[in-house]
Amino acid sequence: VQLQASGGGLVQAGGSLRLSCAASGRSSSTYFMAWFRQAPGKEREFVATISWSGGSSYYADSVKGRFTISRDNAKNTAYLQMNNLKPEDTAVYYCAAVRSASTYFSPNSYAYWGQGTQVTVSS
């Protein structure tokens, strides 16, 4: 599975961005998809994940109520809608995929990664 993330950019606090993660490869629509982020000097952290059907999704407490993860299996694409962005959301955002795992909140669980897209939120 190959992943291509896009949609990052520079936005003012309170603004919105939508990230996209295009997947290609065998049966990519049957994988859990997730977004992680990594700020300078910090570890990569979980943001959100969504099941292959889109029926289940989970969020980090820091983004709950502001971010929404979704997917369109017909387009083999996952999305992360980010609203009410804050300066602390500034990071490189990575999409990831895995067929199944014991936990979906750890980056170590994911087998496939996109290249990352920079999100910068100015105050």
Could you tell me which non-hydrogen atom of [X] sits nearest to which non-hydrogen atom of [Y], and how far apart they are?
X: M33; Y: A97; answer: SD-CB, 3.6 Å
X: L17; Y: G7; answer: CD2-O, 3.9 Å
X: A22; Y: T77; answer: CA-OG1, 4.0 Å
X: S109; Y: T103; answer: OG-O, 2.8 Å
X: S20; Y: W35; answer: O-CH2, 3.6 Å
X: P107; Y: W113; answer: O-CZ2, 3.4 Å

### Query
Cluster partners of W52, using ILVMFWY side-chain heavy atoms under 4.5 angstrom, listed by chain and number?
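Under the 4.5 Å side-chain rule, W52 groups with nothing.
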
### Query
How far apart are the C-alpha atoms of F67 and L85, what are their side-chain angles, what is the distance that settles it, and do they pass the side-chain contact (heavy atoms from CB on, under 4.5 Å) test?
CA-CA 9 Å; F67 291 10; L85 282 160; 3.8 Å; yes

#### Entry: All ring-ring contact (aromatic ring centres under 6.0 Å, His included) counterparts of Y79, not counting sequence neighbours
none

### Task
Quick one: list whatever passes ring-ring contact (aromatic ring centres under 6.0 Å, His included) with F32, sequence neighbours left out.
Y104

### Query
Listed by chain and number, what are the side chain to side chain donor-acceptor pair (under 3.5 Å) partners of K64, not counting sequence neighbours?
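Partners of K64 under the side chain to side chain donor-acceptor pair (under 3.5 Å) test: D61.
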
### Message
The criterion is side chain to side chain donor-acceptor pair (under 3.5 Å); which residues satisfy it with Q81, sequence neighbours excluded?
### Response
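Per chain and number, Q81 pairs via side chain to side chain donor-acceptor pair (under 3.5 Å) with N83.
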
Is [Y] close to [X] at the side-chain level, that is, under 4.5 Å between some pair of heavy atoms?
X: F36; Y: V92; answer: no
X: Y112; Y: Q2; answer: no
X: L80; Y: T68; answer: no

### Task
Applying salt bridge (Lys or Arg N to Asp or Glu O under 4.0 Å), name anything that partners R66, two or more places apart in sequence or on another chain.
D89

### Task
Could you tell me which residues satisfy salt bridge (Lys or Arg N to Asp or Glu O under 4.0 Å) with E45, sequence neighbours excluded, listed by chain and number?
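Applying salt bridge (Lys or Arg N to Asp or Glu O under 4.0 Å) to E45 gives R37.
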
### Message
For residues 70-82, which residue pairs pass the salt bridge (Lys or Arg N to Asp or Glu O under 4.0 Å) check, not counting sequence neighbours?
### Response
none

### Selection residues 93-109 - residue pairs positive for salt bridge (Lys or Arg N to Asp or Glu O under 4.0 Å), sequence neighbours left out
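For residues 93-109, and leaving out neighbouring residues, there are no salt bridge (Lys or Arg N to Asp or Glu O under 4.0 Å) pairs at all.
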
### Query
In terms of hydrophobic clusters joined by side-chain contacts under 4.5 Å, are I50 and L19 together?
yes

### Task
Consider only side-chain heavy atoms of I, L, V, M, F, W and Y, link residues closer than 4.5 Å, and tell whether L3 and Y93 are in one cluster.
yes

Could you give the side-chain donor-acceptor pairs of residues 53-60 under 3.5 Å, partners two or more places apart or in another chain?
from, atom 1, to, atom 2, distance (Å)
S53, OG, G55, N, 3.1
Y59, OH, I69, N, 2.9

### Message
Under a plain distance cut-off of 3.5 Å, with no hydrogens placed, do Y110 and T49 share a side-chain donor-acceptor pair?
### Response
yes

### Message
Just to verify, what does E88 make a side chain to side chain contact (heavy atoms under 4.5 Å, CB included) with, not counting sequence neighbours?
### Response
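So E88 forms a side chain to side chain contact (heavy atoms under 4.5 Å, CB included) with K86.
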
### Task
Can you measure from CD (Q4) to CD (Q115) and round to the nearest 0.5 angstrom?
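Going from the CD atom of Q4 to the CD atom of Q115 covers 4.0 Å.
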
With a 3.5 Å cut-off and sequence neighbours excluded, list the donor-acceptor pairs that the side chains of residues 116-123 form with protein atoms.
from, atom 1, to, atom 2, distance (Å)
T117, OG1, G8, N, 3.0
Q118, NE2, A91, O, 3.4
Q118, NE2, T120, OG1, 3.3

